[in-house]
Amino acid sequence: MTAVLDGLAEQDGWRVENAAARVHYDGGGERYSIEYYEPSDCVVYWKVSPDGDIAVPVGRDTVPTPLRERIRQDLAAADIDPEVERRSL
């Protein structure tokens with residue numbers, strides 16, 4: 001694990017797997033999985049089906065603003081530039 005991923009692992013709910021970190025979010029009847037990929041320095045949002053069996057990538061503009069703000073805060077707390085959250089793939 002790298003120092004960057006160590007920093008995310010210290011944030012509430014984040015888990016590290018190989019070169020990525022992931023956090024899950026349930027709110028307002030919606031479920032998301034958010035992943036930060038260190039090699040490409042980017043964030044990907046996945047919307048998860050109610051039963052948790054299927055996850056599909058979704059555009060940032062479909063993700064609730066409070067969730068995006070929380071992700072930027074977690075990135076900043078881990079010494080990752082929070083602007084990577086806005087980076088297009």
Side-chain angles (χ1 to χ4, degrees):
M1 193 175 338
T2 68
V4 169
L5 293 178
D6 283 343
L8 272 178
E10 293 174 6
Q11 304 310 307
D12 186 33
W14 286 86
R15 296 189 331 263
V16 173
E17 298 173 13
N18 301 317
R22 174 181 299 129
V23 66
H24 297 281
Y25 173 83
D26 293 325
E30 302 291 334
R31 297 178 67 197
Y32 291 91
S33 178
I34 300 89
E35 297 177 340
Y36 168 77
Y37 294 94
E38 184 180 24
S40 57
D41 198 29
C42 68
V43 173
V44 177
Y45 290 93
W46 300 81
K47 192 166 188 179
V48 180
S49 66
D51 60 11
D53 287 344
I54 300 171
V56 295
V58 294
R60 282 167 187 75
D61 58 338
T62 67
V63 177
T65 299
L67 174 55
R68 291 189 62 200
E69 290 171 355
R70 179 205 163 179
I71 298 306
R72 287 193 293 271
Q73 291 170 355
D74 287 352
L75 292 169
D79 291 327
I80 300 169
D81 181 357
E83 290 302 310
V84 303
E85 186 274 336
R86 292 183 170 101
R87 182 175 291 159
S88 296
L89 301 176

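- Judged by distance alone, the side chain of R31 and the main-chain N or O of P50 form a donor-acceptor pair under 3.5 Å.
- Of all the heavy atoms in A19 and P39, the pair that sits closest is O-CD, 3.3 Å.
- Side-chain atoms of E85 and R60, non-hydrogen and from C-beta on, do get closer than 4.5 Å to each other.
- You'll find the side chain of K47 reaches within 4.5 Å of the side chain of E30, heavy atoms only.
- Atom CG in L5 sits 7.0 Å away from atom CD1 in I80 (nearest 0.5 Å).
- The two residues V48 and S33 come nearest to each other via the heavy atoms CG2-N, 3.9 Å.
- Interatomic distance, CH2 of W14 versus CG of L75, reported as 5.5 Å (0.5 Å rounding).
- Going from atom CZ of R86 over to atom CD1 of I71 covers 13.0 Å, rounded to the nearest 0.5 Å.
- Looking at every heavy atom in both residues, A78 comes nearest to L8 through CB-N, 3.5 Å.
- Here the closest non-hydrogen pair linking E38 and V4 is OE2-CB, 3.6 Å.
- Scanning both residues, V16 and A9, for their nearest heavy atoms gives CG2-CB, 3.7 Å.
- Under the rule for a side chain to side chain contact (heavy atoms under 4.5 Å, CB included), D79 has no partner lying at least two apart in sequence or in another chain.
- When each of Y32, Y25, W46 is checked for a side chain to side chain contact (heavy atoms under 4.5 Å, CB included) with V63, only Y32 meets the rule.
- Looking at every heavy atom in both residues, Q11 comes nearest to A77 through OE1-CB, 3.4 Å.
- Residue pairs meeting the salt bridge (charged side-chain N to carboxylate O under 4.0 Å, His left out) criterion with at least one partner in residues 8-22, sequence neighbours excluded, are R15-E17, E17-R22, R22-E35.
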side-chain contact (heavy atoms from CB on, under 4.5 Å) for D74 and I34? Distances and angles first, verdict last. CA-CA 12 Å; D74 287 352; I34 300 89; over 6 Å; no
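- Residues forming a side chain to side chain contact (heavy atoms under 4.5 Å, CB included) with A20 (at least two apart in sequence, or on another chain): Y37.
- Between R70 and V23 there is a side-chain heavy-atom pair separated by less than 4.5 Å.
- Residues Y36 and D41 bring a donor and an acceptor atom of their side chains to less than 3.5 Å of each other.
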